[in-house]
Participant: 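Pasting a structure below so you can have a look.
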Amino acid sequence: MAKQQPLPRAYEAADVEKKWFPEWEKSNCFHGDPKSAKPGYSIVIPPPNVTGILTLGHVLNNTLQDILCRRARMKGFEVCWFPGTDHAGIATEARVVKFLKETENVTRDELGREEFINRVWKWKHEFGGKIIRQLRTLGCSCDWERERFTMDEGLSKAVLKVFVQLYNKGYIYRGQRMINWCPAAKSALSDEEVIYKDVAGKFYYFRYPLADGSGHLTVATTRPETMFGDTAVAVHPEDPRFKHLIGKMVKLPLTDREIPIVGDQHADPTKGTGCVKITPGHDPNDFEVGKRCNLEVINMMNPDATLNSNCPAEFVGMDRFAARDLCVKRMEEAGLLEKIEEITHAVGFSERGDVPIETLVSSQWFCKMGELAKPAIEAVRNGDIKFYPERWSKTYFHWMENIQDWCISRQLWWGHRIPAWYNEKGEVYVGETAPEGDNWTQENDVLDTWFSSWLWPFSIMGWPDGGKEEMEKFYTTNDLVTGPDIIFFWVARMIMAGCEFTGKIPFHNVYFTSIIRDELGRKLSKSLGNSPDPLDVIAEYGADALRFSIAYIAPIGMDIKYSNEKCEIGRNFANKLWNACRFRQMQSDVSDYARTLISAELSSDEKWMLAKLDAAEKLVESELEAFRFHAAAHALYDLVWSDFCDWFVEAEKVPLRAGGAEKERACAVLDFVLFRILKLLHPFMPFITEELAHRMGFVEDGQFLDFEEFPMGIAGLPSEDGIIAKVDAKFEAVKAGRFLRSSYNIADGKKLKFHIKLNDSAAMEFFTAEKSSLMSLLNAEDIEFSFDAFDVKANGAAASQTVAAGVVSLPLADLIDLDAEVKRLEKQLAELKKWIAGNEARLANEKFVASAPEKVVADTRSKLEELKAKAAHTEEQLAALK
RNA sequence: GGGCGAUUAGCUCAGUUGGUUAGAGCGUCACGUUUACACCGUGAAUGUCGGGGGUUCGAGUCCCUCAUCGCCCACCA
């Protein structure tokens with residue numbers, strides 16, 4: 001055994017946590033060796049943005065992954081947790097553009113493409129990946145040697161290979177289509193990057209005069225400024241009000257253009273005015289109408305959402321919102337504004353830029369997804385991949401079964417440049433390397449960030465060129481832990497990529513975490529200022545406290561309402577554990593029994609404790625197996641605080657006081673239990689458990705808890721039938737005695753005499769044997785056992801409480817309030833009678849007896865007997881007092 | 001419009017396939033410094049499990065319905 005080191009009085013997390021991470025890294029604890037003989041276990045981290053800093057969302061996510069990894073390590077797996085970061089095209093480019101403006105007052109375009117990209121790399125080396133360092137503070141046991149970045153050479157190679165492969169297969173194509181455009185990033189976006197928000201808006205009713213002067217049509221729109229892109233007005237072909245007008249022309253106000261009235265089923269006679277202005281260049285529906293009716297497509301906007309030269313002169317260069325106001329003003333002046341209605345409507349915003357997006361027709365690269373989705377749907381449907389909670393598979397199927405082509409090109413510089421080249425003849429060449437000859441120019445666009453992220457589970461291992469051993473050992477990965485908000489962006493696409501490029505699913509289980517909100521249920525965000533910095537929280541409470549608290553409060557598949565005070569759960573728990581160990585150290589040096597089951601005779605309390613521990617170990621294992629982290633945390637909390645500290649440690653003070661062999665045995669059991677608790681708790685609270693395991697001398701220097709066996713039930717548990725019930729009955733009597741004491745406001749410190757009436761000789765034997773234990777737990781001066789009720793006539797009044805084993809009485813001749821005591825007993829009796837009546841009625845019901853399971857009926861019968869006995873005791877006490 | 005989720009003690013939430021008296025933490029109240037721990041101990045109080053209906057011997061748990069809140073998806077001028 002290692003020598004134990006004394007513990008300070010209170011647990012100070014900071015020093016301990018600072019100490020262990022370097023130790024673990026120095027000893028290479030977290031390295032996943034593909035050559036190992038152990039079975040492999042792997043997780044890939046959801047790569048945080050390289051620009052990112054640690055948030056509570058990351059804390060939750062990575063704590064859970066760390067719990068899984070450390071547990072797997074303890075269970076004997078060769079564990080590899082692959083860490084890394086994502087280049088996050090739009091976010092990073094925007095971040096660096098801002099940085100360069102602030103520091104050097106230069107713009108992206110002034111620098112030029114090559115120099116700008118250099119600056120981004122420079123920024124990345126200097127400021128990026130902060131989050132990776134912060135994850136260590138949290139204790140994450142990633143294989144840090146394997147940190148990767150989505151723009152690393154190897155991962156970029158994977159992107160090119162995949163692009164070319166899909167292009168050659170005919171899945172990737174370039175085309176003119178209606179896409180989502182972010183005016184802030186000045187780039188195309190995928191459908192998933194558009195977030196719809198309900199905002200207050202206005203519905204403008206405009207009059208478009210008929211060209212022949214015979215009147216006007218009224219159209220309603222929320223986007224007046226797009227009228228400069230109008231190329232028709234549509235009415236329903238069967239609408240009696242307007243069908244005769246089809247084929248006529250209207251004069252487009254504020255312009256000198258005339259546009260036709262067309263008949264199309266898109267115009268719904270029941271909505272608005274029944275007439276719709278058609279802007280094929282800026283609305284997906286209108287685009288379709290345009291195709292059907294052969295209309296011209298006019299783009300009336302610049303990339304930054306100012307109006308372009310297709311608009312009247314005074315509008316050119318004007319921002320879209322300013323243009324809207326001016327447009328309305330001009331219409332009003334022209335007497336063509338009929339009315340304005342206030343409405344709330346859904347407007348698409350850019351996820352990153354947080355500005356309203358524009359839909360417009362543009363030439364972009366797309367990836368057909370239909371065929372890719374098929375095996376990915378099947379993998380989830382047939383259970384090869386399981387979602388936790390399962391219901392997310394519904395969301396997955398819905399999206400996958402209606403999957404649209406993916407717009408993968410972005411008009412950015414930071415990212416994987418599309419490996420396509422054009423020549424003067426208008427030919428296109430797509431390949432992993434540039435074509436021969438110098439008349440080729442490369443495509444300017446880069447790929448969507450997710451086009452590299454979807455390859456993460458295998459590109460991070462070295463695919464396609466390297467990483468053969470890693471792929472062999474660690475791919476398919478075991479579990480993925482991520483938020484449900486990126487189920488489309490990332491999870492679904494990874495499954496498709498895994499199936500397509502490796503022929504294997506990328507992971508077996510997906511655990512979707514909760515979303516963390518503030519106390520008021522609002523999303524955490526920088527702008528609201530309700531997003532606590534986890535590093536501040538760690539500084540105040542400790543990383544273990546934060547980890548444990550967040551696991552403890554994280555329900556499966558629901559939002560978490562978080563506040564810093566919640567971390568008190570974990571902090572107090574850590575302190576409790578610390579002091580339990582400190583108490584043990586105060587008794588004697590730690591024994592050798594910590595690693596082996598004790599062969600000596602055990603007390604009932606000790607057998608009880610081992611049985612409880614055994615059950616808790618099995619429970620924690622089964623909960624973790626089902627990804628029920630919070631249930632596992634609760635089981636641990638109850639085991640340590642309630643079973644171990646409140647009952648067992650208090651009970652063991654008797655043998656500890658007795659000294660000699662008694663004390664030795666008690667210490668041995670305490671050590672055995674404590675060591676197993678530390679191991680069980682280690683995945684949740686790695687720092688304090690490691691510290692205590694070493695300080696207690698359970699683990700030698702240079703050894704670590706990660707490589708101790710994870711407790712999953714005690715082999716060779718010394719069993720005794722009904723031991724838990726027997727000891728529980730003793731504890732029930734203790735509670736009853738304490739209740740009586742408290743009812744009369746007698747200080748805990750005052751020694752009292754108790755009388756306990758026992759039901760039968762078995763109880764008598766057990767309670768008599770446990771007398772010193774009972775006296776200690778009750779702080780009694782003496783306890784008298786008897787088969788008879790306490791003799792009130794001879795000894796004066798007493799307060800009594802009926803329990804399963806009999807009746808606990810506290811003689812209080814002088815103090816007792818007879819009336820109050822009678823009232824209390826009558827109340828107890830009335831309650832008992834109520835339950836008796838209920839149980840009797842149940843048993844009198846033939847259908848119950850006939851159809852309920854035997855065990856339920858038997859339990860009801862024995863419960864009834866117990867209740868009747870209790871009632872009889874209570875009546876006896878009552879009679880004696882009267 | 002479609003889908004999903006939530007509604008249990010003052011607050012935050014557990015409650016696995018229906019089974020006897022629905023639990024915990026925080027907060028509240030009372031007592032307390034006896035060999036760990038005041039980041040503590042002992043005890044107490046508090047619930048028509050959102051409303052209504054149904055299935056069942058038995059419903060917080062299953063079904064229907066309504067209400068409120070939240071999220072996701074959907075092309076709606």
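Proteins get letters first, then strands, A, B, ... in listed order; numbering begins at 1 in each. Just so you know, these numbers come straight off a predicted model, no measurement behind them.
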Participant: What nucleotide, of B:A36, B:U20, B:C57, holds the atom closest to the side chain of A:N845?
Facilitator: B:C57
Participant: Describe the nucleic acid contact of A:L867 in one word from base, sugar-phosphate, nothing, applying a heavy-atom distance below 4.0 Å.
Facilitator: base
Participant: Taking any heavy-atom pair under 4.0 Å as a contact, classify A:K561: base, sugar-phosphate, or nothing.
Facilitator: sugar-phosphate
Participant: Nearest to the side chain of A:R738 - B:U12, B:A36, B:U42?
Facilitator: B:U42
Participant: Whole-Å distance between B:C75 P and A:I179 CD1?
Facilitator: 15 Å
Participant: Distance check, C1' atoms only: B:U48 and B:G60, in whole angstrom units.
Facilitator: 12 Å
Participant: Base, sugar-phosphate, or nothing for A:A267, non-hydrogen atoms under 4.0 angstrom?
Facilitator: base
Participant: When the P atoms of B:G52 and B:A67 are considered, how many whole Å apart are they?
Facilitator: 15 Å
Participant: Is the closest side-chain donor-acceptor distance between A:D230 and A:T279 under 3.5 Å?
Facilitator: yes
Participant: Taking the side chain of A:F488 as its heavy atoms from C-beta onward, which of B:C37, B:C73, B:A36 lies nearest to it?
Facilitator: B:C73
Participant: Are any of the side-chain heavy atoms of A:E193 and A:F489 separated by less than 4.5 Å?
Facilitator: yes
Participant: Could A:K870 and A:E831 be called an ion pair, given the rule that one side-chain N must be under 4.0 Å from one carboxylate O?
Facilitator: no
Participant: Whole Å only: how far is the CG atom of A:D559 from the C1' atom of B:C69?
Facilitator: 12 Å
Participant: Tell which nucleotide pairs with B:U48, taking only Watson-Crick or G-U wobble pairs whose two distances are both under 3.5 angstrom.
Facilitator: none
Participant: Is the distance from the ring center of A:F573 to that of A:Y552 below 6.0 Å?
Facilitator: no
Participant: Could you tell me which nucleotide pairs with B:C29 by Watson-Crick or G-U wobble geometry, both distances under 3.5 Å, or answer none if nothing does?
Facilitator: B:G43
Participant: At under 4.0 Å between heavy atoms, what does A:H634 touch on the DNA or RNA strands: base, sugar-phosphate, or nothing?
Facilitator: nothing
Participant: Does B:G23 have a Watson-Crick or wobble partner in any strand here, with both distances under 3.5 angstrom, and which is it?
Facilitator: B:C13
Participant: Identify the nucleotide, in any strand shown, that forms a Watson-Crick or G-U wobble pair with B:U68, with both distances under 3.5 Å; if there is none, say none.
Facilitator: B:A6
Participant: Between A:E831 and A:N285, which is nearer to the 5' end of RNA chain B once each is assigned its nearest nucleotide?
Facilitator: A:E831
Participant: With rounding to whole Å, what would you report as the distance between B:G19 and B:C26 at their P atoms?
Facilitator: 28 Å
Participant: With a 4.0 Å cutoff (strictly under), does any side-chain N or O of A:K394 reach OP1 or OP2 of B:C4?
Facilitator: yes
Participant: From the list B:C37, B:A36, B:C76, which nucleotide is the closest neighbour of the side chain of A:K271?
Facilitator: B:C76
Participant: Closest heavy-atom contact between A:G201 and A:H345?
Facilitator: CA-NE2, 3.9 Å
Participant: Between A:E288 (side chain only) and A:H266 (backbone N and O only), is there a donor and an acceptor less than 3.5 Å apart?
Facilitator: no
Participant: Taking CZ from A:F644 and C1' from B:A36, how many angstroms apart are they, rounded to a whole number?
Facilitator: 10 Å
Participant: Rounding to an integer number of Å, can you tell me how far A:L810 CG sits from B:G43 C1'?
Facilitator: 14 Å
Participant: Give a yes/no answer on whether the side chain of A:K847 brings an N or O atom under 4.0 Å of OP1 or OP2 in B:G58.
Facilitator: no
Participant: Across the strands shown, which category fits A:A580 at heavy-atom distances under 4.0 angstrom: base, sugar-phosphate, nothing?
Facilitator: base
Participant: Closest approach to the side chain of A:M586, judged atom by atom: which nucleotide of B:U20, B:C40, B:A36 is it?
Facilitator: B:A36
Participant: Take atom P in B:G25 and the same atom in B:U61, then report the distance between them in whole Å.
Facilitator: 25 Å
Participant: Looking at every strand, decide which applies to A:P484 at a 4.0 Å heavy-atom threshold: base, sugar-phosphate, or nothing.
Facilitator: nothing
Participant: Answer yes if the side chains of A:Y196 and A:D198 hold a donor-acceptor pair under 3.5 Å, and no otherwise.
Facilitator: no
Participant: Looking at A:E390 and A:K386, would you say the former's side chain and the latter's main chain have a donor-acceptor pair under 3.5 Å?
Facilitator: no
Participant: In this structure, how many angstroms lie between the C1' atom of B:C39 and the OH atom of A:Y11, rounded?
Facilitator: 13 Å
Participant: Who does B:A74 pair with, Watson-Crick or G-U, both distances under 3.5 Å?
Facilitator: none
Participant: From C-beta outward on A:Y552, which listed nucleotide comes closest to its side chain: B:U21, B:G25, B:U20?
Facilitator: B:G25
Participant: Which nucleotide, B:C4, B:A36, B:U20, lies nearest any side-chain atom of A:R391?
Facilitator: B:C4
Participant: Give a yes/no on whether any side-chain N or O of A:R842 is located under 4.0 angstrom from OP1 or OP2 of B:U21.
Facilitator: yes
Participant: With the side chain of A:F848 defined as its heavy atoms from C-beta on, choose the nearest nucleotide among B:A36, B:G19, B:U20.
Facilitator: B:G19
Participant: Using the P atoms only, state how far B:G43 lies from B:A59, rounded to an integer number of Å.
Facilitator: 33 Å
Participant: Taking the nucleotide of RNA chain B with the closest heavy atom to each, which residue, A:H630 or A:E192, is nearer the 5' end?
Facilitator: A:H630
Participant: Whether A:N572 contacts B:C40 is assessed here as follows: a side-chain N or O lying under 4.0 Å from the phosphate OP1 or OP2. Is that the case?
Facilitator: yes
Participant: So, does A:R582 get its side chain near the phosphate of B:C37, meaning an N or O under 4.0 Å from OP1 or OP2?
Facilitator: yes
Participant: Is A:K735 touching bases, backbone alone, or none of the nucleic acid, heavy atoms closer than 4.0 Å?
Facilitator: sugar-phosphate
Participant: When we call it a touch if two heavy atoms are under 4.0 Å apart, what does A:K566 touch: a base, just sugar-phosphate, or nothing?
Facilitator: sugar-phosphate
Participant: Tell me what A:C275 touches on the nucleic acid: a base, only sugar-phosphate, or nothing, going by heavy atoms under 4.0 Å.
Facilitator: nothing
Participant: Quickly work out the A:N579 CG to B:C37 C1' distance and round it to whole Å.
Facilitator: 4 Å
Participant: In whole Å, what separates the C1' atom of B:A22 from that of B:C37?
Facilitator: 31 Å
Participant: Within this structure, what is the OH-to-P distance between A:Y637 and B:C39, rounded to whole angstrom?
Facilitator: 14 Å
Participant: By the 4.0 Å heavy-atom rule, please label A:Y205 as base, sugar-phosphate, or nothing.
Facilitator: nothing
Participant: Let me know the distance between CZ of A:F739 and C1' of B:A45, rounded to the nearest Å.
Facilitator: 12 Å
Participant: Which value, in whole Å, describes the distance between the P atoms of nucleotides B:U8 and B:C13?
Facilitator: 9 Å
Participant: Provide the distance between the two C1' atoms, one in B:C31 and one in B:A38, to the nearest whole Å.
Facilitator: 14 Å
Participant: Got a donor-acceptor pair under 3.5 Å from the side chain of A:E650 to the base of B:A36?
Facilitator: yes
Participant: Compute whether any side-chain donor of one residue and acceptor of the other, for A:N579 and A:R582, lie under 3.5 angstrom apart.
Facilitator: yes
Participant: Just to verify, which of A:H634, A:R628, A:H630, A:K618 counts as forming a side chain to side chain donor-acceptor pair (under 3.5 Å) with A:E623?
Facilitator: A:R628
Participant: Regarding A:D646, tell me which of base, sugar-phosphate or nothing describes its non-hydrogen contacts under 4.0 Å with the strands shown.
Facilitator: sugar-phosphate
Participant: For B:G41, does OP1 or OP2 lie under 4.0 Å from any side-chain N or O of A:W641?
Facilitator: yes
Participant: Compare the minimum distances between each of B:U35, B:C37, B:C57 and the side chain of A:K576, then state the nucleotide with the smallest one.
Facilitator: B:C37
